[in-house]
Student: 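One structure coming up, written as structure tokens, with questions to follow.
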Amino acid sequence: MPRVSIQTQDFDLAAETQALRANDGGIGAVVAFVGTVRESSHGQNVSAMELEHYPGMTEASIEAMVDATFARFDIRAARVIHRVGLLQAREQIVLVLVASAHRGQAFQACEFLMDYLKTQAPFWKKETTPEGAHWVDARESDDAALVRWGVASSNAGDASQVAPTSSAAAAA
């Protein structure tokens, strides 16, 4: 089973959890985070979100995040699924699963990995609202969440965080 998947299709939490646990009798805890498209953001209704990425670069970046999680916490397995493309409100976007022998390490590792993903994974998000579509900027609160783990965010003033055009993302 791959540790990282970037895909357009939805995922099944139960099936992914079962697959993560299938070959390891030492797993005593599995912690899951499922992120969904909110129906509102900053007081505006959101009907859809479009996510773009650079294939290859995104997977490698998230694999490095998973490696950092293994180095920091006593975990036995981790799995990240992130969807791309056009998603409607209430649809699932991201799944982070972390397994360990005990719950404490699983909870901490899952939170660390999600904080890392939220700020450092190379995705670009565009929300569709009644006022039109707009790219979503990185939030300072997400950067602060990563900093508490002792990891500096690369978002502040970083021109590489500028959203690509569809043709740029497709060409990469």
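Not measured: the values here are computed from a predicted model.
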Student: Residues two or more places apart in sequence or in another chain: which of them pass ring-ring contact (aromatic ring centres under 6.0 Å, His included) with F11?
Tutor: none
Student: Enumerate the ring pair (Phe, Tyr, Trp, His ring centres under 6.0 Å) contacts for residues 15-39, please, sequence neighbours excluded, ordered by first and then second residue.
Tutor: none
Student: Could you go through the side chain to side chain contact (heavy atoms under 4.5 Å, CB included) check for H134 and T128 one step at a time?
Tutor: CA-CA 7 Å; H134 64 275; T128 302; over 6 Å; no
Student: Applying side chain to side chain contact (heavy atoms under 4.5 Å, CB included) to V30 and V98, what does each step give before you reach the verdict?
Tutor: CA-CA 6 Å; V30 176; V98 177; over 6 Å; no
Student: Distance check, rounded to the nearest 0.5 Å: L113 atom CG versus R72 atom CZ?
Tutor: 11.5 Å
Student: For a 4.5 angstrom cut-off between non-hydrogen side-chain atoms, does R83 reach E91?
Tutor: yes
Student: Between L97 and V80, does a side chain to side chain contact (heavy atoms under 4.5 Å, CB included) hold up when you go through it step by step?
Tutor: CA-CA 6 Å; L97 286 175; V80 176; over 6 Å; no
Student: Side-chain heavy atoms under 4.5 Å apart, restricted to Ile/Leu/Val/Met/Phe/Trp/Tyr: what other residues fall into the cluster of V31, or is it alone?
Tutor: F107
Student: Going by atom type alone, with no hydrogens or angles, which donor-acceptor pairs under 3.5 Å involve a side-chain atom of residues 15-23 and a protein atom two or more places apart or on another chain?
Tutor:
from	atom 1	to	atom 2	distance (Å)
E16	OE1	R79	NE	2.9
E16	OE1	R79	NH2	3.4
T17	OG1	L13	O	2.9

Student: Would a distance-only check, ignoring hydrogens and angles, find a side-chain to backbone donor-acceptor pair under 3.5 Å from R90 to V37?
Tutor: no
Student: Can V34 be reached from I81 by stepping across I, L, V, M, F, W or Y side chains whose heavy atoms are under 4.5 Å apart?
Tutor: yes
Student: Which distance, rounded to the nearest 0.5 Å, do you find between the OG1 of T69 and the CD of E111?
Tutor: 12.0 Å
Student: Would you confirm whether T129, through its side chain, and G132, through its main-chain N or O, come within 3.5 Å as a donor-acceptor pair?
Tutor: yes
Student: Keeping to residues at least two apart or across chains, list the salt bridge (charged side-chain N to carboxylate O under 4.0 Å, His left out) pairs with something in residues 94-106.
Tutor: none
Student: Can you tell me how far apart OG1 (T36) and CD (Q88) are? Round to the nearest 0.5 Å.
Tutor: 13.5 Å
Student: Quick one: which residue pairs count as a salt bridge (charged side-chain N to carboxylate O under 4.0 Å, His left out) with a foot in residues 53-63, not counting sequence neighbours?
Tutor: R3-E63
Student: Membership question, hydrophobic clusters at under 4.5 Å side-chain separation (ILVMFWY): are L95 and M114 in the same one?
Tutor: no
Student: Roughly how far, to the nearest 0.5 Å, is CD of E52 from OG1 of T58?
Tutor: 11.0 Å
Student: Looking at every non-hydrogen atom in both residues, tell me the closest pair between C110 and A32 and how far apart they are.
Tutor: SG-C, 4.3 Å
Student: Hey, what do you get for CG (L86) to NZ (K126), rounding to the nearest 0.5 Å?
Tutor: 9.5 Å
Student: Treating Ile, Leu, Val, Met, Phe, Trp and Tyr as nodes and any side-chain heavy-atom pair under 4.5 angstrom as an edge, say whether F70 and M65 lie in one connected cluster.
Tutor: yes
Student: Rounded to the nearest 0.5 Å, what's the gap from CE on M49 to NZ on K125? Could you check?
Tutor: 5.5 Å
Student: Look at the side-chain heavy atoms of Ile, Leu, Val, Met, Phe, Trp and Tyr, link any pair under 4.5 Å apart, and say whether I6 and V66 land in one connected group.
Tutor: yes
Student: Classify the ring geometry between F123 and H53 as parallel (under 30°), tilted (30 to 60°) or perpendicular (over 60°).
Tutor: tilted
Student: Just by distance, with hydrogens left out, do Q92 and D10 show a side-chain donor and acceptor under 3.5 Å apart?
Tutor: yes
